[in-house]
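Please read the structure below before turning to the comments.
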Amino acid sequence: MGPPGAGKGTQVKILSKMLGVPSMSTGDVLRAEVASGSELGRLAKSYMDRGELVPDEVVIKIVEKWLREGKAREGFILDGFPRNVRQARELDEMLKREGVELTAAIYLDVPEEEVVRRLSGRLSCKRCGAVYHVQFNPPREDLKCDACGGELYQREDDREEVVRQRFRVYVESTRPVLDYYESTGKLLVVNGLGTIEEVSKRIADGLRGMAHSR
Ligand code: AP5
Ligand code: MG
Ligand code: ZN
């Protein structure tokens, strides 16, 4: 968890490789729906372009379907879900049904001004969802994804006024989820400032610390 541009996607890719477990970003799945032109995609787009949350029913179904496909049996990472307390409660129910328990809710703490700075230079891969930054994490070749060769583009919701709205929505709806996980002792707060490598190391150290204290 964390505000828009906190580095969730960037860190999830790294952690997923490190732990050898699959990951899923509700934002990436929604963007794929938008790109496909499906009815669901059209509905989602009307919220995403304004920086609002897509209705809970829609995203909960996406997560449910992904978990049911069974890829996540040996562990998994969710990126951008849950985003409000209702989604957090639903996730608990889903996991109970699957017979698994959440290890940690990782929160990347990054202030608003840094978020705006990061998102104004972000490039995202159309094909695999990998993210780059023109300055902080440039691709080897201009506008081409290092990982899959896909085309890089700027997300429509990365315009400054939409970023600020996404940040407001985050403060209002997603911050309360932090208290939800704090109360169950699952919250891992990580300072999201510094280089990508520094943040990865903090996450890995934090997870090890949690494993030891259990
Ligand atoms: P989503 O796609 O999840 O967007 P977000 O939460 O706004 O987060 P971002 O993807 O913008 O940022 P990130 O934290 O992944 O950062 P990144 O690693 O890319 O959601 C989009 C929309 O979908 C929502 O607004 C909503 O409408 C809908 N949605 C999704 N999930 C939903 C849900 N559960 N419920 C309802 N609606 C939902 O990094 C950002 C940039 O910074 C990159 O350029 C990167 O290279 C760079 N960077 C990363 N780390 C560093 C660093 N340490 N130093 C310098 N630069 C860095
Ligand atoms: Mg992301
Ligand atoms: Zn790619």
Side-chain angles (χ1 to χ4, degrees), residues 1-15 23-34 41 43-63 66 77-88 90-91 106-110 114-141 143-159 162-170 173-174 177 190-203:
M1 295 190 300
K8 300 184 292 294
T10 303
Q11 295 299 335
V12 161
K13 291 243 155 141
I14 296 171
L15 195 60
S23 67
M24 196 267 285
S25 151
T26 42
D28 283 353
V29 173
L30 290 169
R31 276 183 290 280
E33 286 290 337
V34 172
L43 173 88
K45 187 173 174 359
S46 66
Y47 292 91
M48 295 168 85
D49 283 354
R50 284 183 286 128
E52 301 291 342
L53 293 183
V54 171
D56 288 340
E57 293 69 34
V58 173
V59 281
I60 288 165
K61 253 188 222 141
I62 290 173
V63 177
W66 189 75
I77 312 172
L78 295 176
D79 168 0
F81 184 94
R83 257 182 153 89
N84 58 30
V85 172
R86 175 160 171 226
Q87 292 182 11
E90 287 283 345
L91 179 61
I106 306 169
Y107 164 53
L108 292 178
D109 187 13
V110 175
E114 173 68 8
V115 155
V116 172
R117 201 161 72 100
R118 286 184 186 179
L119 292 184
S120 65
R122 170 165 65 183
L123 295 169
S124 308
C125 175
K126 266 197 179 143
R127 201 184 295 162
C128 79
V131 288
Y132 301 86
H133 190 282
V134 286
Q135 185 187 349
F136 309 129
N137 183 23
R140 282 194 295 269
E141 242 182 278
L143 299 182
K144 208 165 153 195
C145 177
D146 292 356
C148 79
E151 187 192 333
L152 302 182
Y153 77 112
Q154 189 160 28
R155 265 168 54 178
E156 275 191 41
D157 58 350
D158 279 352
R159 281 175 296 128
V162 185
V163 168
R164 294 209 185 263
Q165 175 58 20
R166 281 155 64 200
F167 196 89
R168 277 195 288 274
V169 168
Y170 158 76
S173 304
T174 312
V177 185
V190 173
N191 173 7
L193 290 174
T195 65
I196 292 170
E197 293 71 29
E198 281 165 348
V199 177
S200 299
K201 187 171 182 307
R202 283 181 207 136
I203 294 173

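Both ligands and their constituent atoms are indexed starting at 1 by order of listing. Reckoned from all heavy atoms, side chains included, excluding hydrogens, waters and symmetry mates. Only a predicted model underlies this, so the values are computations on that prediction, with no experimental measurement involved.
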Evaluate the criterion side-chain contact (heavy atoms from CB on, under 4.5 Å) for residue pair Q87 and N84; output intermediate values, then yes/no.
-> CA-CA 5 Å; Q87 292 182 11; N84 58 30; 3.1 Å; yes

Going through the checks in order, is the side-chain contact (heavy atoms from CB on, under 4.5 Å) test met by M48 and L30?
-> CA-CA 9 Å; M48 295 168 85; L30 290 169; 3.8 Å; yes

Show the numbers, then the answer: is there a side-chain contact (heavy atoms from CB on, under 4.5 Å) between V63 and M24?
-> CA-CA 8 Å; V63 177; M24 196 267 285; 4.0 Å; yes

Evaluate the side-chain contact (heavy atoms from CB on, under 4.5 Å) criterion for residues N191 and R202: first the C-alpha distance (whole Å), next the side-chain angles of each, then the deciding distance (0.1 Å), finally the verdict.
-> CA-CA 8 Å; N191 173 7; R202 283 181 207 136; 3.7 Å; yes

Decide side-chain hydrogen bond (donor to acceptor under 3.5 Å, both in side chains) for Q11 and S200; before the verdict, give the C-alpha distance in whole Å, the side-chain angles of both, and the deciding distance to 0.1 Å.
-> CA-CA 6 Å; Q11 295 299 335; S200 299; 2.7 Å; yes

Check the pair R155, D49 against salt bridge (Lys or Arg N to Asp or Glu O under 4.0 Å), reporting the backbone distance first and the verdict last.
-> CA-CA 10 Å; R155 265 168 54 178; D49 283 354; over 6 Å; no

Stepwise salt bridge (Lys or Arg N to Asp or Glu O under 4.0 Å) check, E57 with R86 = CA-CA 10 Å; E57 293 69 34; R86 175 160 171 226; 3.1 Å; yes

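Of the polar atoms of D28, none of the N or O atoms is found under 3.5 Å from an N or O of ligand 1, judged by distance alone. In terms of polar-atom proximity, R166 is counted as a contact of ligand 1, with an N or O under 3.5 Å from an N or O of the ligand. Checked against a 3.5 angstrom limit, the closest N/O atoms of Y47 and ligand 1 fall outside it. Between G194 and ligand 1, an N or O atom pair is found at a separation short of 3.5 Å. Ligand 1 has no nitrogen or oxygen under 3.5 angstrom from a nitrogen or oxygen of L123. Remark: ligand 1 and G9 share an N or O pair separated by less than 3.5 Å (distance only, no angle test). The distance criterion of under 3.5 Å between nitrogen or oxygen atoms is met by R122 with respect to ligand 1. Here's the thing with P82: none of its N/O atoms is less than 3.5 angstrom from an N/O atom of ligand 1. On a distance-only criterion, L30 and ligand 1 share no N/O pair closer than 3.5 Å. The shortest N or O to N or O distance between K8 and ligand 1 is below 3.5 Å.
With waters neither drawn nor counted, the protein N/O/S atoms under 2.8 Å from the Zn ion (ligand 3) amount to 4.
In E52, the part holding a heavy atom less than 4.0 Å from any atom of ligand 1 is the backbone. When heavy-atom distances to ligand 1 are checked against a 4.0 Å cut-off, V58 has no atom that comes that close, whether in backbone or side chain. Counting heavy atoms closer than 4.0 Å to ligand 1, residue Y132 contributes backbone atoms (N, CA, C, O) but none from C-beta onward. Contacts of T10 with ligand 1, taken as heavy-atom pairs under 4.0 Å, involve both backbone and side chain. At a 4.0 Å heavy-atom cut-off, ligand 1 does not touch Q11 at all. Contacts of L119 with ligand 1, taken as heavy-atom pairs under 4.0 Å, involve the side chain alone.
In this structure, A6 is part of the shell of residues with a heavy atom less than 4.0 angstrom from ligand 1. Ligand 1 lies out of reach of Q135, whose nearest heavy atom is not under 4.0 Å from it. In this structure, G5 has a heavy atom closer than 4.0 Å to ligand 1.
Within a 6.0 Å sphere centred on CD of E198, heavy atoms belonging to other residues, nucleotides or ligands number more than 12.
Checking side-chain atoms of S46 against main-chain N and O of L43 turns up a donor-acceptor pair under 3.5 Å. Counting only distance, with no hydrogens or angles, the side chain of R166 and the backbone of D157 share a donor-acceptor pair below 3.5 Å. In this structure a side-chain-to-backbone donor-acceptor pair under 3.5 Å is missing from H133 to L123.
Close contacts between ligand 1 and T195 involve ligand atoms 53 (N) [criterion: under 4.0 Å to a heavy atom]. Here is the list of ligand 1 atoms found below 4.0 Å of a heavy atom in T26: 30 (C), 31 (N), 32 (C), 34 (N). If you number the atoms of ligand 1 from 1 as listed, the ones under 4.0 Å from a heavy atom of R31 come out as 2 (O), 21 (C). The I196 neighbourhood of ligand 1 comprises atoms 50 (N), 51 (C), 52 (C), 53 (N), with distances under 4.0 Å to a heavy atom of that residue. Every atom of ligand 1 with a heavy atom of P4 under 4.0 Å away is listed here by number and element: 5 (P), 7 (O), 8 (O), 12 (O). Every atom of ligand 1 is numbered from 1 in the order shown, and the set under 4.0 Å from a heavy atom of Q87 is 33 (C), 34 (N), 35 (N), 36 (C).
From F81, atom CZ reaches atom NZ of K8 across 14.0 Å, with rounding to the nearest 0.5 Å. Atom CG of L78 is separated from atom OG of S25 by 9.5 Å, given to the nearest 0.5 angstrom. Here S124 contributes atom OG and L152 contributes atom CG; the two are 8.0 Å apart, rounded to the nearest 0.5 Å. In this structure, OH in Y107 is found 13.0 Å from CD1 in I203, a value given to the nearest 0.5 Å. With rounding to the nearest 0.5 Å, the separation of OH in Y132 from CG in L143 is 11.5 Å. Distance check: I14 CD1 to S23 OG gives 11.5 Å after rounding to the nearest 0.5 Å.
Counting only non-hydrogen atoms, the option in H133, K13, R118 that gets closest to atom 52 (C) of ligand 1 is R118. For atom 33 (C) of ligand 1, the choice among R83, M48, M1 with the nearest heavy atom turns out to be R83.
Side-chain contact between K61 and W66 is absent, with no heavy-atom pair separated by less than 4.5 Å.
In this structure, the protein non-hydrogen atom closest to atom 36 (C) of ligand 1 is V54 O, 3.3 Å. Atom 56 (N) of ligand 1 has F136 CD1, 3.3 Å as its closest protein atom, hydrogens excluded (heavy atom only). Protein heavy atom closest to atom 16 (O) of ligand 1, with residue, atom name and distance, is G7 N, 3.1 Å. Looking only at heavy atoms of the protein, atom 10 (O) of ligand 1 is closest to R155 NH1, 3.0 Å.
Stacking of R50 on the aromatic ring of Y47 is recorded, both the 6.0 Å distance cut-off and the 45° axial limit being met.
Nearest heavy-atom pair across Q154 and L119 is NE2-O, 4.2 Å. Closest heavy-atom contact between D146 and E141: OD1-N, 4.3 Å.
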